[in-house]
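See structure below.
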There are 2 protein chains.
Amino acid sequence: MTEIDDVELARSQPTIEQVAAAAGVSRATVSRVINGSPKVSDGARSAVSNAVEELGYVPNRAARSLVTRRTDSMALVVEESESRLFADPFFARTVRGMSGVLADRDLQLVLLMAQSTSERARLKRYLTGGHIDGVLLLSHHGDYELPLSLKRAGVPVVLGGRPTSRVSISYVDADNVGGAHDAVTFLVEQGRRRVATISGPSDMGAGVDRLRGYRAALGEANVAYEEGLVHPGDFTRESGEEAMKVLLERRPDLDAVFAASDLMAAGALRVLKEQDRSVPGDVAVVGFDDSAIARTTDPQLTTIRQPVEHFGREMAHMLLRQIETPDGGVQKLVLETELVIRGST
Amino acid sequence: MTEIDDVELARSQPTIEQVAAAAGVSRATVSRVINGSPKVSDGARSAVSNAVEELGYVPNRAARSLVTRRTDSMALVVEESESRLFADPFFARTVRGMSGVLADRDLQLVLLMAQSTSERARLKRYLTGGHIDGVLLLSHHGDYELPLSLKRAGVPVVLGGRPTSRVSISYVDADNVGGAHDAVTFLVEQGRRRVATISGPSDMGAGVDRLRGYRAALGEANVAYEEGLVHPGDFTRESGEEAMKVLLERRPDLDAVFAASDLMAAGALRVLKEQDRSVPGDVAVVGFDDSAIARTTDPQLTTIRQPVEHFGREMAHMLLRQIETPDGGVQKLVLETELVIRGST
DNA sequence: TTGAAAGCGGTACCAG
DNA sequence: CTGGTACCGCTTTCAA
């Protein structure tokens, strides 16, 4: 049975030398053509182009980057398990924003994941070993070992989300405090008084800040802050269900919930429905993100819109700026959020 | 306001030369220590180790791979949009399987996405340019341009899912025909006679084969195959909803649905509920994948379990074998599936 | 066990 | 506009 294109194996890649020979010019000229230098005669240019075409020449990036010090690729590092990475629409949209910007500059985006300690060690070697020109770091938790190592090694880094401790690393963040504040203020204005919150992880800026916004809003409205109305999740749907159960158990009289992510809010809705609490009649619910699922829940979710694609784009821009201007100092950017009112309040 | 670790910028990475100088040995000896050669005296070894530690030396991978011809990293290429990649749990589990195997060999897995034509061109340059040692290709559609180019360039490739045309490329696949066959046979045995199917994309092996299994099972059971009972989706939940609506419109009398993915089955369930058809009373539903959502639908989904982590592992193993034995020929592996019966039938 | 030196495949400077 | 050539940082003979 014949199969098409049963090519001879691994005829080793042609080198610039061979292209030069085939085109009857020097290596230098081939290099000029490849890199689009204007100072090449048309004759030479077309001879080289033909040779490249014929031999299927592709420049060896290792050799090139050894001298240029660039690789033309950027890493997106996600310190998160595959399951969360792939379950949370936040990542997909962020990636879309980033890759758009990078694609315009013909930069390749490579995605790297790391969980276990040994994986993280390998990852660090990979990143500092010159495989990539810069790093976009998403969903980092408490420990700033990696970004600091990178900075120390001279690898440009931009964080997604502000760091929770005082490290001088550039970042883009959403206005989590403001967003949470708006959400809770809105609930209070609707007459809710026993506003619970399913907060995010305390080792992530987004977790801490959304809780802070919640507190601030209650304070301004002269509503007492009660520990019993606060329970943390980890941004997943499952953790939202879990937290909602705990909160209802603890405070059956709660009349509103602010969840620090839409996924957790969706989990909360499900539990409320199971326990026959009407939404928004008995309990009002607000999420955070305005991700796609906010429109698929029943009722649809009132939530805080984050400009997620924009977030990704800004991270990429910041990284590019950092590469162009290595001594540009630490950059910080906070993006506004917006309250989106739907059926759950 | 002081911020910790405000390091001096980009003190250029130390080279092996500097380590050698610091340790009072030659470059060759440093290299031997780095690469764990046994033929180094203890004295030299510890001197080098100290110097490495002190200077924070990390080998330049470009320089190394220029000579070794290896990069110790493998690419996972997904020819799919970010949104589908991140929405389908299939990918997460596959990645987990792969990265486990690769991590054991201290190989870095890098994930690459490509959609637009220009992105694909860049991706091809990246892959053939020597950035990686091998490619795992997932969710490829009709066109085999990329894997064939890679093969031609001597880059080892393994496909996830059999190719839809006769190209001689190694692959791992699930027994999609068999799985679909089992699903539909089960439905028929339960007395269902008007079994519809929401099939997968016709440019993907999984799509074609699951439809083939459906047909085969009907044939064996002497149930006529009807075009009107078949409508395609693209494995997403949305497409499942869409297809279910079309099918109900066309054949209001259908009494069972075999969906080629759990996500599509979940979409179908939702539409059935909206239209007040009881499941499994009026309509029985079977999915494919046994992904996490199969247990979160109401009722829980009867489905075909694919060994997804195993799938990822086998792909990685196959790729490693191919790298070790470049002339080993084309490898093919088909993994068994299993019917899992739950509430939807 | 160690060091000297020859590349690996490019880029870019310097003459011409 | 073109070619010759000196590196880039590392691995790997080959001799010592």
Side-chain angles (χ1 to χ4, degrees), chain A residues 10-49 51-52 55-73 125-126 128-131 133 153-155, chain B residues 10-49 51-52 55-72 125-126 128-131 133 153-154:
Chain A
R11 61 156 170 268
S12 65
Q13 291 277 30
T15 71
I16 199 172
E17 188 74 55
Q18 303 174 37
V19 175
V25 298
S26 71
R27 273 154 56 188
T29 298
V30 176
S31 178
R32 289 189 192 101
V33 173
I34 300 290
N35 295 297
S37 158
K39 349 168 66 177
V40 182
S41 68
D42 288 354
R45 186 181 307 284
S46 67
V48 170
S49 303
V52 166
L55 280 66
Y57 171 72
V58 180
N60 179 318
R61 309 294 300 219
R64 172 182 287 181
S65 76
L66 185 54
V67 34
T68 60
R69 310 303 195 149
R70 289 183 305 96
T71 63
D72 296 319
S73 40
R125 265 178 280 142
Y126 183 90
T128 52
H131 280 280
D133 296 337
V155 179
Chain B
R11 62 155 169 269
S12 65
Q13 291 276 32
T15 71
I16 198 173
E17 187 74 56
Q18 303 175 36
V19 175
V25 298
S26 71
R27 276 154 52 188
T29 298
V30 176
S31 177
R32 290 191 188 98
V33 173
I34 300 291
N35 295 297
S37 158
K39 350 167 69 174
V40 181
S41 67
D42 289 351
R45 187 182 308 284
S46 65
V48 170
S49 304
V52 166
L55 280 65
Y57 171 72
V58 180
N60 178 318
R61 308 294 301 218
R64 171 182 287 181
S65 76
L66 185 54
V67 33
T68 59
R69 308 299 191 161
R70 290 184 304 97
T71 63
D72 296 320
R125 264 178 282 140
Y126 183 90
T128 53
H131 280 281
D133 296 338

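Naming convention: chains lettered A, B, ... in sequence-line order (proteins, then strands); numbering from 1 in each chain. Model, not experiment: these values are computed from the prediction.
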- prompt: Out of curiosity, A:S41 OG to A:R45 CZ, how far, rounded to the nearest 0.5 Å?
  reply: 8.0 Å

First of A:Y57 and B:G24 reached from the 5' end of DNA chain C, by closest nucleotide: B:G24

- prompt: So what does B:R32 hit on the nucleic acid, given a heavy-atom distance under 4.0 Å: a base, only sugar-phosphate, or nothing?
  reply: base

query: How is B:V30 classified with respect to the nucleic acid when contacts are heavy atoms under 4.0 Å: base, sugar-phosphate, or nothing?
result: nothing

Proximal nucleotide (of D:dC1, C:dG10, D:dC10) relative to the A:K39 side chain: D:dC1

Distance (rounded to the nearest 0.5 Å) between B:N60 CG and B:L66 CG: 9.5 Å

statement: Separation between OG1 (A:T15) and CD (A:E17), nearest 0.5 Å, reads 6.0 Å

query: Are OP1 or OP2 of D:dT11 and a side-chain N or O of B:R64 less than 4.0 angstrom apart?
result: yes

- prompt: Separation of B:I34 atom CD1 from D:dG9 atom P, in whole Å?
  reply: 15 Å

field: A:N35 side-chain N/O to C:dT11 phosphate OP1/OP2 under 4.0 Å
entry: yes

task: Answer with base, sugar-phosphate or nothing: what part of the nucleic acid does A:A62 contact at a heavy-atom distance below 4.0 Å?
output: nothing

message: From the set D:dC10, D:dG3, D:dC8, return the single nucleotide nearest to any side-chain atom of B:T15.
response: D:dC10

field: Under 3.5 Å: donor-acceptor pair, side chain of B:Q13, backbone of A:T128
entry: yes

- line: B:V67 has its side chain closest, among C:dG9, C:dG10, D:dC10, to D:dC10

Whole angstrom value for the distance that separates P of D:dG9 from CD of B:Q13: 11 Å

task: Indicate whether OP1 or OP2 belonging to C:dT2 is found under 4.0 Å from a side-chain N or O atom of B:T29.
output: no

- prompt: A:L66 side chain: which of D:dC1, D:dC8, D:dT11 is closest?
  reply: D:dC8

Spacing of B:I16 atom CD1 relative to D:dT12 atom P, expressed in whole Å: 11 Å

query: Which nucleotide sits closest to the side chain of B:S41: C:dT2, D:dT2, C:dG10?
result: C:dT2

message: Any side-chain N or O of A:S26 below 4.0 angstrom from OP1/OP2 of D:dG4?
response: no

message: From the set D:dG9, C:dT11, D:dT12, return the single nucleotide nearest to any side-chain atom of B:T68.
response: D:dT12

message: So does A:R61 get a backbone contact from the side chain of A:S65, meaning a donor-acceptor N/O pair under 3.5 Å?
response: yes

- line: Quick note, A:V25 side chain, CB onward, closest among D:dC10, C:dG3, D:dG3 is D:dG3

task: Please tell me which of the listed nucleotides, D:dC1, C:dA12, D:dT11, lies nearest to the side chain of A:A28?
output: C:dA12

field: 5' priority, DNA chain C, between B:P38 and B:A63 [closest heavy atom]
entry: B:P38

- prompt: What is the distance, rounded to the nearest whole Å, between atom CZ of B:R45 and atom C1' of C:dT2?
  reply: 13 Å

query: Counting any heavy atom closer than 4.0 Å, what does B:R61 reach on the DNA or RNA strands: base, sugar-phosphate only, or nothing?
result: nothing

- request: With the side chain of A:R27 defined as its heavy atoms from C-beta on, choose the nearest nucleotide among D:dG9, D:dT5, D:dT11.
  value: D:dT5

- request: Report the residue from A:I16, A:V19, A:V58 that forms a side-chain contact (heavy atoms from CB on, under 4.5 Å) with A:V52.
  value: A:V19

message: In this structure, how many angstroms lie between the P atom of C:dG10 and the NE2 atom of B:H131, rounded?
response: 12 Å

query: Is B:S31 touching bases, backbone alone, or none of the nucleic acid, heavy atoms closer than 4.0 Å?
result: base

task: Could you state the atom-to-atom distance from CD of B:E17 to C1' of C:dA5 in whole Å?
output: 12 Å

